[in-house]
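Taking it in order: structure first as C-alpha cells, then the write-up.
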2 protein chains.
Amino acid sequence: MREPLPPDLFDEVCPTALSPVRVGDKWAAMILTCLADGPRRFSELRVPLRRVTPKVLTASLRALERDGLIARDETRAASGRRVEYRLTPLGESLLGPLEVVCGWVREHIDELLAARESFDAARERRTA
Amino acid sequence: MREPLPPDLFDEVCPTALSPVRVGDKWAAMILTCLADGPRRFSELRVPLRRVTPKVLTASLRALERDGLIARDETRAASGRRVEYRLTPLGESLLGPLEVVCGWVREHIDELLAARESFDAARERRTA
DNA sequence: CCGGATCCGATGTGATACTG
DNA sequence: CAGTATCACATCGGATCCGG
C-alpha cells in the first residue's frame, strides 16, 4: 500500500474487455484491485488507470460507492483538497470471488482466445 | 436434465441486472445455468428465458459459442430440424466460479440494495 | 486537485415481422 | 423448429472543455 501503484499494472494482464466475466463497469474490477491493500487517492488511481479519463473514473467510483463497495473520504486543508477511496467491508468481501474469476480467466485465457480466433476464422470462410 | 426447465426459473431470483458481477452479456449466465445439467434445445431455452426475443437469444448463444463455452449440434431428420446446445469442458469449468459469484450475490444482495437506496436518497436530498 | 458539463459514436438490448 | 431482417432506443465509454 505504501508503494505507489505501477503505471503498467493493467497494461498486459487483466484484459477486462476480453474476459467474459465482468464486475461492474469496465474499470470497476481494476479499481477494487487497486484498493485491495489500502486506501488510495484519486490521483493515485489515475496512475495505473491512465487510459481512463477523469470523468469516467469518477463515474466508476460513484457507481462503486452507490453499491456500497467503496467509501469516499474527503478532507479539506490548507494544503488543498484530499480525497481518498477505500474498500468497505462489503467491498472487501467481494475480493475473494473476484480473485476466483480472475484465476479462471488467467487459467483459461488461452483457450478463450483460441476459440474466438477459430470461430471468427470459420465465419470468415463462410462469408467468403 | 430430463425434466423441462421451469418457466419461472429466473423470474424472481438471479436479478442479473442488479448484480455488480456479470458473465458475458445479459443472458449468458442464465444460459450456462440452464445447460449445467445437460444439453438443451433452442426452444427449451426459450421457456425459462421467455423474456428474451429469439434474435437476442441467438446473439447470446453465438457469443458463448464464439468463446468456446458452449457447442452447437445440429441434426436434420425427416421429423424436422433439431439444434442442441451443450456446455464444452471450458464452459463446465466456468460453472464453479459462476456459482461462487452467485453465492456472493445471494449473500449480499440485501446490503447492496440497501446501499443503493441510501445513496440515491442522499443524492435526492442534495438535489432538492 | 478533483472533478462537472456537454456532445458524440459505439455498443447492447428489444419489439415486430418474416423465413428456410 | 430455429432462427433472420429491420428498426428503434437506451446506455456506455470517451473527447473536449470548463469550474470550485
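Each chain gets a letter, A, B and so on, in the order the sequences are listed, and its residues count up from 1.
Closest non-hydrogen pair, A:S19 versus A:V105, comes out as OG-CG2, 3.4 Å. In terms of heavy-atom proximity, A:D25 sits nearest to A:A28 at OD1-N, 3.1 Å.
Axis angle, first five pairs versus last five pairs of the helix from C:dC1-D:dG20 to C:dG20-D:dC1: 50°, rounded to 10°.
When A:R81, A:R82, A:R86 are each tested for a salt bridge (Lys or Arg N to Asp or Glu O under 4.0 Å) with A:E84, only one passes: A:R82.
Atom CH2 in A:W27 sits about 9 Å away from atom P in D:dG13, given to the nearest Å. Between the P atom of C:dG3 and the CZ atom of A:R41 lies a distance of 10 Å, rounded to the nearest Å. A straight line from CD1 of B:I70 to C1' of D:dA2 spans 14 Å, rounded to a whole angstrom. Rounded to whole angstrom, the span from the CD atom of B:E44 across to the P atom of D:dC1 amounts to 11 Å. With rounding to whole Å, B:R82 atom CZ is found 13 Å from D:dG3 atom P. Computed from coordinates, the B:E74 CD to D:dG3 C1' distance equals 10 Å when rounded to whole Å. Straight-line distance from the CZ atom of A:F42 to the C1' atom of C:dG4: 11 Å, rounded to whole Å. At whole-Å resolution of the value, CD in A:E84 and C1' in C:dG3 are 17 Å apart.
OP1 or OP2 of C:dG14 has at least one side-chain nitrogen or oxygen of B:K26 nearer than 4.0 Å. An OP1 or OP2 oxygen of C:dC2 is reached within less than 4.0 angstrom by no side-chain nitrogen or oxygen of A:Y85.
Residue-to-nucleotide proximity on DNA chain D shows that, of B:S43 and A:R81, the 5′-proximal contact is made by B:S43.
Residues A:W27 and A:L57 share a hydrophobic cluster, clusters being chains of Ile/Leu/Val/Met/Phe/Trp/Tyr side chains in contact below 4.5 Å. Under the 4.5 Å side-chain heavy-atom criterion for grouping Ile, Leu, Val, Met, Phe, Trp and Tyr, A:I109 is connected to A:V101 within one hydrophobic cluster. No single ILVMFWY cluster, assembled from side-chain heavy atoms under 4.5 Å apart, contains both A:Y85 and A:V47.
Nucleic acid contact class of B:V83 (heavy atoms, under 4.0 Å, all strands): sugar-phosphate only. Among the atoms of the strands shown, only primed sugar atoms or phosphate atoms (P, OP1, OP2) are found under 4.0 Å from some heavy atom of A:R72. Backbone-only contact: B:R62 has heavy atoms under 4.0 Å from sugar-phosphate atoms and none from a base. If you check every strand for non-hydrogen atoms under 4.0 Å, B:R46 touches nothing. Looking at heavy-atom distances under 4.0 Å, A:R51 makes no contact with the nucleic acid at all.
With respect to the salt-bridge test (charged N to carboxylate O, under 4.0 angstrom), the residues A:R106 and A:E99 qualify.
Side-chain proximity of B:V56 to C:dT16, C:dT13, D:dG3: nearest is C:dT13.
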